[in-house]
J.: 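Following this message is one structure expressed as structure tokens.
Proteins come first, then strands; the chains are lettered A, B, ... in the order of their sequence lines, and each starts at number 1.
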2 protein chains.
Amino acid sequence: MTSLVLTQAQPLYVQLKEHILARIRSREWAPGSRVLSENEIVEQFSVSRMTANRALKELTQEGFLARVPGVGTFVKEPPQRASLLEIRNIADEIAARGHFHSSEIAHKGLVDASPAIAEEFETNAGARLFHITMVHRENGVPVQLEDRYVNPLAAPDFLNLDFAGITPTAYLVANVPVDELEHTVEAMMPSPQEQALLDVPAGEPCLTLHRRSWSRDRVVTAVRFTYPASRHALYSRYRPSGSNHSMESDQT
Amino acid sequence: MTSLVLTQAQPLYVQLKEHILARIRSREWAPGSRVLSENEIVEQFSVSRMTANRALKELTQEGFLARVPGVGTFVKEPPQRASLLEIRNIADEIAARGHFHSSEIAHKGLVDASPAIAEEFETNAGARLFHITMVHRENGVPVQLEDRYVNPLAAPDFLNLDFAGITPTAYLVANVPVDELEHTVEAMMPSPQEQALLDVPAGEPCLTLHRRSWSRDRVVTAVRFTYPASRHALYSRYRPSGSNHSMESDQT
DNA sequence: TGTATAAGGTTGTCTATACAGCTATAGAGA
DNA sequence: TCTCTATAGCTGTATAGACAACCTTATACA
């Protein structure tokens with residue numbers, strides 16, 4: 001039996017969700033198998049049925065479970081979706097082209113989160129975050145400006161690195177498991193600072209890729225990559241998972 | 001006062017959600033303004049507070065509302081962005097924001113493939129292809145320029161449609177199975193024609209999403225979507241497939 | 001005038017209970 | 001043996017009440 005300890009630090013339904021997710025991730029409950037019913041949760045954890053219902057309902061909305069009235073609650077098969085945007089290390093991409101990667105740090109330190117950054121991190125303004133700004137060059141030409149904030153709780157040693165031999169992306173991928181990703185891609189005109197750092201001609205737009213990463217329901221890092229339009233595009237080619245032409249479920 | 005009639009055909013919280021959404025879409029409650037508090041809903045609709053809470057909570061999870069403890073519940077600004085990972089119909093995305101979609105055809109006909117287009121279609125220059133150029137508008141404002149070539153062998157009826165009730169994207173998704181996809185995302189300055197069609201101020205860049213679709217090793221369609229930078233972004237959020245860091249029941 | 005306190009409204013969570021609709025199964029009856 | 005029925009368990013929904021945390025505003029006090 002796993003721990004039945006429910007603390008007061010977090011809401012009960014959150015602790016229930018994490019407990020169930022842990023047992024799914026450990027494959028104790030494999031895809032397709034039944035999980036605890038609401039009444040079983042009520043008995044085993046001494047919570048009310050509404051609280052058990054909330055935990056199971058939210059996990060269902062998040063895609064982990066499927067519920068069938070009159071039958072039970074089951075672990076869902078994780079969706080296999082091809083990713084347009086994999087996390088790829090700029091140093092590796094440049095090396096794969098047979099070119100030379102170099103980088104320099106424009107800023108590195110501990111900062112107070114602005115209201116906008118705090119909202120991205122789902123925390124309060126003034127929270128302390130690691131911050132780094134780097135320029136990545138391909139054969140000496142700037143191709144990427146990296147403006148990254150990192151949650152100190154998730155990567156406490158982040159500031160101790162000099163990022164000469166390893167990029168922040170590579171370090172984080174190797175050291176922090178990622179549960180969820182959010183990407184936003186935009187076009188924009190660079191600010192004067194960005195224009196200077198990237199050595200962009202006046203009038204040339206930039207592509208920005210903004211990424212947030214979660215681990216254990218906590219934002220680990222938020223990063224904005226800025227690429228001069230003429231020097232970089234985002235590309236992907238893949239086979240959609242459901243390419244057997246079944247009309248399928250989605251009617252969005 | 002709007003209708004207070006709550007029937008028994010649907011769950012109460014669903015009717016409450018639709019009622020609130022309708023008042024948001026009618027601009028009675030504009031973005032940023034406050035909606036009814038839970039207690040006000042309890043009074044006006046004679047439901048319990050838990051039911052009112054469920055309606056507001058789910059609308060918040062769906063991104064329509066934002067809740068601030070101790071203050072109230074507010075209408076959120078709908079994000080202007082399209083899905084990156086899936087092929088989604090712009091008409092549906094606009095409708096999901098509660099806005100009005102319209103479109104007009106700038107060109108439709110049979111054309112000879114230029115060398116560049118022929119290469120995209122893995123065929124010879126001079127091949128005959130269907131071509132369509134459309135402007136999609138959200139509440140009257142141009143948000144997407146669609147410049148699409150279609151293989152007549154894959155969709156022979158394509159030119160017979162007027163694309164008033166269905167977009168080319170929706171038609172092709174429904175009628176041609178897709179085996180493989182290629183995406184390229186770039187930032188660029190619009191050409192004078194594009195600038196005019198999209199009604200973009202001078203100096204504003206655009207985001208372009210170029211997509212090729214294959215079916216049975218044959219290019220079905222190649223399309224270039226152009227979005228004014230200030231009016232649209234591309235977005236995705238998902239859980240990576242390999243997110244099983246089975247640390248289990250620890251308490252990081 | 002300025003500051004501390006109290007009050008009231010708001011969301012967030014949790015409990016206990018109830019009823020309805022659905023499903024699988026065991027048991028009764030033909 | 002087969003069929004129908006009752007039952008138990010499951011999810012879905014809804015109610016009423018309660019306490020906590022938070023924010024704003026008004027009030028009392030120094």
J.: What I want to find out is whether Arg54(B) reaches Glu58(B) closely enough, with some N-O distance under 4.0 Å, to be called a salt bridge.
T.: yes
J.: Quick check: does any side chain N or O of Ser215(A) sit under 3.5 Å from a backbone N or O of Pro177(A), one acting as donor and the other as acceptor?
T.: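 Looks like yes, one N/O pair under 3.5 Å.
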J.: For a 4.0 angstrom threshold against heavy atoms of chain B, report the outermost contacting nucleotides of DNA chain C in 5' to 3' order.
T.: dG9(C) to dC14(C)
J.: Please list, chain by chain and in numerical order, all residues satisfying salt bridge (Lys or Arg N to Asp or Glu O under 4.0 Å) with Glu77(B), sequence neighbours excluded.
T.: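 Residues passing salt bridge (Lys or Arg N to Asp or Glu O under 4.0 Å) with Glu77(B): none at all.
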J.: With sequence neighbours left out, write down each residue that passes side-chain hydrogen bond (donor to acceptor under 3.5 Å, both in side chains) with Arg67(A), or none if nothing qualifies.
T.: Glu38(A), Thr73(A)
J.: Provide the start and end nucleotides, 5' to 3', of the part of DNA chain D that has atoms under 4.0 Å from heavy atoms of chain B.
T.: dT13(D) to dC23(D)
J.: Applying ring-ring contact (aromatic ring centres under 6.0 Å, His included), name anything that partners His99(B), two or more places apart in sequence or on another chain.
T.: none
J.: Using the test side-chain hydrogen bond (donor to acceptor under 3.5 Å, both in side chains), find all partners of Ser114(A) that sit at least two apart in sequence or belong to another chain.
T.: none
J.: Between Glu40(A) and Arg34(A), does at least one N-O distance fall below 4.0 Å, as a salt bridge requires?
T.: yes
J.: Should the pair Lys17(A)-Glu62(A) be classified as a salt bridge under the 4.0 Å nitrogen-to-oxygen rule?
T.: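 Yes.
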J.: By a strict heavy-atom criterion of less than 4.0 Å, which residues belonging to residues 61-73 of chain B are in contact with DNA chain C?
T.: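 When residues 61-73 of chain B is checked for heavy atoms under 4.0 Å from DNA chain C, the hits, listed by number, are Arg67(B), Val68(B), Pro69(B), Gly70(B), Val71(B), Gly72(B), Thr73(B).
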J.: Got a sec, which residues hit side chain to side chain contact (heavy atoms under 4.5 Å, CB included) with Phe130(A), two or more places apart in sequence or on another chain?
T.: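 Listed in chain order: Leu110(A), Val150(A), Pro152(A), Phe158(A), Leu159(A).
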J.: Kindly write out the residues that satisfy ring-ring contact (aromatic ring centres under 6.0 Å, His included) with His131(A), not counting sequence neighbours, or none if the list is empty.
T.: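 Here the qualifying residues are His107(A), Tyr149(A).
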J.: Contact list please: residues 48-58 of chain A against DNA chain D, heavy atoms, distance less than 4.0 Å, in numerical order.
T.: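 Of all residues in residues 48-58 of chain A, the ones placing a heavy atom under 4.0 Å from DNA chain D are Arg49(A), Met50(A), Asn53(A).
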J.: How would you list all residue pairs meeting salt bridge (charged side-chain N to carboxylate O under 4.0 Å, His left out) that involve residues 115-133 of chain A, not counting sequence neighbours?
T.: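 Applying salt bridge (charged side-chain N to carboxylate O under 4.0 Å, His left out) to every pair that reaches into residues 115-133 of chain A, excluding sequence neighbours, yields Asp112(A)-Arg128(A).
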J.: List the residues meeting ring-ring contact (aromatic ring centres under 6.0 Å, His included) with Phe225(B), not counting sequence neighbours, and say none if there are none.
T.: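 So Phe225(B) forms no ring-ring contact (aromatic ring centres under 6.0 Å, His included) with any residue.
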